[in-house]
Amino acid sequence: MRALVGRYDHVTGLPNRRQFVEHLDELAQLQTPNLLMLITLTDARQYNEMLRALGIAFCEDLVRAALTRLQRLVEPDQTVFHVSLLSFALTLPVDDPRAIPPLAQEIATAFGDTLTIDAIPVRIHVGVGLLPYNPQTAPAEALRAVLVAAQDSRLIASHVAFYDHKTDAAHLRAFRILADLPRAIASDDQLSLHYQPRINLQTDRCHAVEALLRWNHPELGPISPAEFVPLAEQTALITPLTDWVTQRAMAQNRLFRDAGHALRVSINASPANLSELGFHDVLLHRCDMAGLDPDHIELEFTEGMLATNTGRAIAQLDHLRTAGVDVALDDFGSGYSNLSNLSNIPADVLKIDQSLVRPLVQAGDDDFLLRQVLAIAQGMGFRVCAEGIESAYAFAHLRELGCQEGQGYFMARPMPADRLLDWLDARH
Ligand code: C2E
Ligand code: MG
Ligand code: MG
């Protein structure tokens with residue numbers, strides 16, 4: 001009996017992942033082509049929702065009901081392995097390992113119908129992944145690849161997909177970026193900040209700069225913040241990353257001010273930061289340590305954040321504003337922007353998204369939405385900053401429309417601190 005422990009799944013009674021790996025090792029002895037097939041019953045989100053609403057016993061019944069349906073489709077002598085909570089795997093001898101076997105499509109089609117558990121009909125999001133078996137590939141890697149294929153298959157109508165190196169490469173890159181980020185934050189030579197001037201469109205003076213992260217990875221080269229910040233936001237790394245930016249940007253602003261430039265530095269914060277307990281205290285403390293007043297800094301955030309822990313986020317923004325920090329709502333007019341939310345948002349500045357500004361190249365270009373957003377924002381008492389000013393026309397037009405501030409390649413690109421100092425000196 002003891003020898004069996006750890007080799008069978010207790011819910012389904014099937015041989016488990018350990019046995020599947022051994023099975024793959026045995027397959028390596030054979031010379032005939034085989035396909036690995038992995039059937040994943042649903043995604044983690046749906047599973048968690050079911051777990052919350054219906055409980056563990058229900059979810060276990062679901063897995064067993066799914067197995068019964070699966071076993072009706074496979075040959076009686078076919079071994080099915082239970083390789084993870086929601087996944088079954090099997091191998092199929094085939095003539096052509098590049099062709100989708102009819103069984104794969106039959107399984108995907110069969111799971112298109114609801115499963116009924118305790119009189120409750122459940123529609124699951126099955127995925128069927130396929131991978132030609134290659135004895136050179138380690139079993140753990142083969143299992144990972146066929147799971148990736150099964151996840152990818154949910155994005156296509158047939159719900160059956162072969163492993164695709166290209167989509168996987170993107171995932172592997174994301175994983176690599178996250179794995180390497182802690183070292184980048186700890187080391188002093190990979191991350192840096194560039195500063196982009198923000199101009200008062202009515203006076204033409206530069207009164208503020210936005211701090212923008214740059215990462216020069218020792219092997220991958222420059223990685224855009226638009227790529228690595230959203231990844232970091234999915235993990236706890238966003239906390240030390242924002243703290244790194246905060247400390248650098250503040251120390252640098254002290255140097256700008258000592259050099260005679262009375263600037264405000266604008267720092268981008270992430271949703272997770274504003275949901276962190278005590279974020280505002282840490283920020284104000286850092287500000288004090290850097291020898292700055294709270295009104296020497298501004299915090300930018302995007303509205304998407306208000307979806308998570310709204311109460312705490314709003315309380316922290318209120319606290320910061322009371323202390324004198326300016327708060328800016330970034331990228332307004334794209335993505336999640338919600339007009340009915342606007343009156344609840346504690347912000348001083350509203351930054352109009354580039355997508356509304358960049359198309360303005362010459363007289364007659366469509367500015368309808370831009371004008372409406374500007375009117376609403378100003379009507380509600382926000383100071384407005386237009387992002388993505390790339391042409392002389394956009395600059396002049398926004399000034400005429402009464403937009404207070406602007407930022408864009410037409411005036412200046414983001415640049416390292418020493419170049420910004422030269423740029424500022426040249427304007428005086
Ligand atoms: P964002 O905060 O909206 O920053 C403005 C982005 O627009 C910057 O891209 C800037 O270089 C770019 N930009 C400015 N003017 C123009 C223009 O005239 N034309 C065009 N085409 N682009 C312009 P960047 O530096 O690549 O940053 C992208 C995004 O990454 C930022 O958008 C922000 O959401 C995020 N990000 C950057 N640094 C940080 C950071 O320190 N913390 C966090 N949480 N996010 C950051
Ligand atoms: Mg920003
Ligand atoms: Mg923006």
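Quick caveat, the model's predicted, so the values are computed rather than measured. First listed ligand is number 1; within each ligand, the first listed atom is number 1.
Residues in residues 373-411 take part in these ring-ring contact (aromatic ring centres under 6.0 Å, His included) pairs, two or more places apart or across chains: Tyr393-His397, Phe395-Phe410. Note on residues 192-213: pairs passing ring-ring contact (aromatic ring centres under 6.0 Å, His included), not counting sequence neighbours, are Tyr195-Phe256.
Of the charged side-chain nitrogens involved, none lies within less than 4.0 Å of a carboxylate oxygen, so that Arg358 and Glu387 do not count as a salt-bridged pair. Classification of Arg419 and Asp422 as a salt-bridged pair fails, no side-chain N sitting under 4.0 Å from a carboxylate O. For the pair Arg176 and Glu219, the salt-bridge criterion is met [side-chain N within less than 4.0 Å of a carboxylate O]. A salt bridge links Glu210 and Lys351; the closest N-O separation between the charged side-chain nitrogens and carboxylate oxygens is under 4.0 Å. No salt bridge links Arg52 with Glu49; every basic N to acidic carboxylate O contact stays at or beyond 4.0 Å. Salt-bridge formation is not detected for the pair Asp281/Arg286: no Lys NZ or Arg NE/NH1/NH2 atom is positioned less than 4.0 Å from an Asp or Glu carboxylate oxygen. Contact check on Arg321 versus Asp326 returns no salt bridge, with no Lys/Arg side-chain nitrogen under 4.0 Å from an Asp/Glu carboxylate oxygen.
Every N/O-N/O distance between Thr242 and ligand 1 stays at or above 3.5 Å. Checked against a 3.5 angstrom limit, the closest N/O atoms of Glu233 and ligand 1 fall outside it. Distances between N or O atoms of Gln407 and those of ligand 1 include no value under 3.5 Å.
No side-chain donor-acceptor contact under 3.5 Å links Thr40 and Gln151.
Less than 4.0 angstrom separates atom 43 (C) of ligand 1 from at least one non-hydrogen atom of the protein. In this structure, atom 22 (N) of ligand 1 has protein heavy atoms in its sub-4.0 angstrom surroundings. The protein does not reach atom 32 (O) of ligand 1 closely, with no heavy atom under 4.0 angstrom from it. The nearest protein heavy atom to atom 18 (O) of ligand 1 is closer than 4.0 Å.
A side chain to side chain donor-acceptor pair (under 3.5 Å) with Arg383 is found for one member of Gln404, Gln378, Glu405 and no other, namely Glu405.
Of the protein's heavy atoms, Gln354 NE2, 3.4 Å lies nearest to atom 13 (N) of ligand 1. With hydrogens left out, the protein atom closest to atom 30 (O) of ligand 1 is Pro225 CB, 3.6 Å, a heavy atom. Scanning the protein for heavy atoms near atom 38 (N) of ligand 1, the closest one is Leu213 N, 3.1 Å. For atom 10 (C) of ligand 1, the closest non-hydrogen atom on the protein side is Leu212 CD1, 3.9 Å. In this structure, the protein non-hydrogen atom closest to atom 20 (C) of ligand 1 is Glu390 OE2, 3.2 Å. Ranking protein heavy atoms by distance to atom 5 (C) of ligand 1, first place goes to Glu387 OE2, 3.6 Å. Distance from atom 3 (O) of ligand 1 to its nearest protein heavy atom, with residue and atom name: Asp331 OD1, 3.0 Å.
Put simply, part of Glu210 is less than 4.0 Å from ligand 1, judged by heavy atoms. Heavy atoms of His194 come nearer than 4.0 angstrom to ligand 1 in no pair at all.
Protein nitrogen, oxygen and sulfur atoms, that is N, O or S, within less than 2.8 Å of the Mg ion (ligand 2) amount to 4.
Within ligand 1, the atoms closer than 4.0 Å to a non-hydrogen atom of Asp330 are 1 (P), 2 (O), 3 (O), numbered from 1 in the order shown. The contact set between ligand 1 and Val229, taken as ligand atoms under 4.0 Å from a residue heavy atom, comprises 43 (C), 44 (N), 45 (N), 46 (C). Per-residue contacts place Pro414 under 4.0 angstrom from the following atoms of ligand 1 (heavy atoms of the residue considered): 11 (O). Every atom of ligand 1 is numbered from 1 in the order shown, and the set under 4.0 Å from a heavy atom of Ser270 is 44 (N).
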When the side chains of residues 287-296 are checked against the rest of the protein, which donor-acceptor pairs come out under 3.5 Å, sequence neighbours left out?
| unit_1 | atom_1 | unit_2 | atom_2 | d |
| --- | --- | --- | --- | --- |
| His296 | ND1 | Asp293 | N | 3.0 |
| His296 | NE2 | Arg257 | NH2 | 3.1 |

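Ring planes of Phe228 and Trp215: perpendicular class, angle over 60° (limits at 30 and 60°).
The heavy atom nearest to atom 15 (N) of ligand 1, considering only Glu300, Gln196, Met411, is found in Gln196. Selection from Ile267, Val245, Thr302, Val357 by nearest heavy atom to atom 41 (O) of ligand 1 gives Val245.
Here the side chain of Ser334 pairs a donor or acceptor atom with the backbone of Asp331 at under 3.5 angstrom. A distance-only check finds a donor-acceptor pair linking the side chain of Asp365 to the backbone of Val361 [under 3.5 Å]. A donor-acceptor distance shorter than 3.5 angstrom exists from the side chain of Arg312 to the backbone of Ser275, with no hydrogens or angles considered. A distance-only check finds a donor-acceptor pair linking the side chain of Asp348 to the backbone of Val327 [under 3.5 Å].
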